[in-house]
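In this chain, numbering begins with 1 at the start of the sequence shown. Source: prediction; values computed, not measured.
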Amino acid sequence: MNFFQHNRNALICLMESYQFDDTIITVNKTGASSFSKVSYPIRYGRFSEIKTPKYIYQFNLNGQIKYIQGKNQNWPDPNEWLKRTVSNDWIYYSSGGYQGIYSFIGEYYVPYFNYPCNTIFRHNPFGSTHIESAIRSLDDLLLSLSYLPSRKVPPAIRQFITLATPYSLSALDRNLNTLHSIIGNPVTVLPPDTRHVDYEVIPIIIADGCIYNCGFCSVKQRKKFTLRSKKNILEQMNRLKAFYKEDMYNYNSIFLGQHDALNAGLELIKFSALHAYELLDIKNSNIKEPRLFLFGSVDSLIQTDETSFKALNKMPFYTYINVGLESADQNTLDFLKKPVSAEKVQRAFSKMIDINRKFEHIEITANFILNKDLPDDHYDSVLNLTHNSLDRFYSKGNIYLSPMNPEADKKEIQKKFMHLKNQSRLPTHVYLIQRL
Ligand code: SF4
């Protein structure tokens, strides 16, 4: 039995609560064991919780804050909450004030970030004093826990307090650097498909850079495509295991980065995915249905042969591969400075449809640019693929429309999106860029 398994068995015990003043601490709470799309607050895996009259704080299995939900009258909506990512960004989950959110993003909550992104929604709550106060309240809470007389507190609660109290906001900030130093860089963009697991992925970089370095792209690493060595990949996994610690068991998903892992070839993908499955103990995760996410490119998708897809299909993951097609109109591709031909984009799209039909455990999805200033030929080229080339609606193979320069006119971009979505014969959503 390894260190983590031993610790894990020690921690998987009954839920236990302790009250002092008007604060209730509960440890070993169990959330849902598979991801689902619901229109109310849901938590996954195992966690601990502190309820005060003003807030509900939820902590991951390392005692680090993960969610804060307001209960006071200043909080925008009792069904909305803040989430902290492992890279120490804050995301506000907003349920509404907006009709048809699900049509736009395929989810019941709109994420708002505390950093600039390509959102087409307004009303970002960051900057509101109520949201800032909720985040800042963590340090006072941890301080009050450290004053509790430990002899009066049950052992499981004491163990949680010992874990949680070192993780002040500034200590969490320092922790972020550890993640980025382990994988070598920040993840500038996650695949849109990671929305299916609420962007909760463990990132492992198997190749840096990308093969196109398109002119329009704001998330590229500006590096030549370069493979990581197997030694480097295994080192990342071992260090990630030490970084995620016990909370590793609250993850069922791996992201193989960065921008074109498919171009790394089947051997390195399989090596990385299967080692991650074992080393990060995905099969014993608190959350079922393992998922693997990666990006591909027009060229890497065309070049990957059917034997490789057969092998991927047999892996212990459901695999999502997201490919940036951007446009099937040559003038638009030239305008975007994307060095591929419209003919290749069409071939890549046909292959995506073909692979999605043939392989039960693989889903290839595609992105196209959404921008109010692009010519009609661009939108016609997208509809030619997503409507004219298909004989009926297919539920597999999501199309993501990626807003470019969304500050320009959000209403106009939303209209363009609905026009494409209503005619598309594939599920179609907006790509909200999220980093890690
Ligand atoms: S769009 Fe994709 S391929 Fe093009 S530069 Fe950005 S990351 Fe690289």
Ring geometry between Tyr44 and Phe35 (parallel below 30°, tilted from 30 to 60°, perpendicular above 60°):
tilted

Would you list the pairs meeting salt bridge (Lys or Arg N to Asp or Glu O under 4.0 Å) in which at least one residue belongs to residues 185-204, sequence neighbours left out?
Lys66-Glu200, Lys83-Asp198, Lys83-Glu200, Glu107-Arg195

Can you label the angle between the Phe104 ring and the Phe121 ring as parallel, tilted or perpendicular, going by 30° and 60°?
perpendicular

Give a yes-or-no answer on whether the side chains of Ser300 and Asp260 include a donor-acceptor pair shorter than 3.5 Å.
yes

Has Glu80 got a side-chain atom pairing as donor or acceptor with Ser94's backbone, closer than 3.5 angstrom?
no

Counting distance only, does the side-chain N/O of Asn371 pair as donor-acceptor with the main-chain N or O of Asp373 below 3.5 Å?
yes

Sequence neighbours excluded, which residues qualify as side-chain contact (heavy atoms from CB on, under 4.5 Å) partners of Asp89?
Thr85, Ser87, Asn114, Tyr115, Arg435

Could you name each residue pair satisfying side chain to side chain donor-acceptor pair (under 3.5 Å) that touches residues 337-346, not counting sequence neighbours?
Asp299-Lys344, Glu343-Arg347

Between Tyr67 and Phe47, is a ring pair (Phe, Tyr, Trp, His ring centres under 6.0 Å) present by the stated rule, with each step listed?
CA-CA 10 Å; Tyr67 301 103; Phe47 60 95; 7.5 Å; no

Measure the shortest side-chain to side-chain distance between Phe349 and Val323 over non-hydrogen atoms and say whether it is less than 4.5 angstrom.
no

Who pairs with Lys283 by salt bridge (Lys or Arg N to Asp or Glu O under 4.0 Å), at least two apart in sequence or on another chain?
Glu278

Sequence neighbours left out, what passes salt bridge (Lys or Arg N to Asp or Glu O under 4.0 Å) with Glu306? Give chain and number order.
Lys358

Test ring-ring contact (aromatic ring centres under 6.0 Å, His included), reference Trp81, set Tyr92, Tyr109, Trp75, output is Tyr109

The criterion is salt bridge (Lys or Arg N to Asp or Glu O under 4.0 Å); which residues satisfy it with Asp380, sequence neighbours excluded?
none

Residues forming a side-chain hydrogen bond (donor to acceptor under 3.5 Å, both in side chains) with Ser218, sequence neighbours excluded
none

Do any pairs count as a salt bridge (Lys or Arg N to Asp or Glu O under 4.0 Å) and have a residue in residues 226-240, sequence neighbours left out, and if so which ones?
Asp208-Arg228, Lys230-Glu267, Lys231-Glu235

Please enumerate all residues that pass ring pair (Phe, Tyr, Trp, His ring centres under 6.0 Å) together with Tyr199, with sequence neighbours excluded.
none

Please list all pairs passing the salt bridge (Lys or Arg N to Asp or Glu O under 4.0 Å) test where one or both residues lie in residues 416-433, with sequence neighbours left out.
none

List for me each residue that meets side-chain hydrogen bond (donor to acceptor under 3.5 Å, both in side chains) alongside Ser137, sequence neighbours excluded, and say none if there are none.
Tyr57

Heavy atoms of other groups near Lys220 NZ, more than 12 under 6.0 Å
yes

Would you please name every residue forming a ring pair (Phe, Tyr, Trp, His ring centres under 6.0 Å) with Tyr167, sequence neighbours left out?
none

Counting only heavy atoms from other residues, nucleotides and ligands, does the tally under 6.0 Å from OH of Tyr40 exceed 12?
no

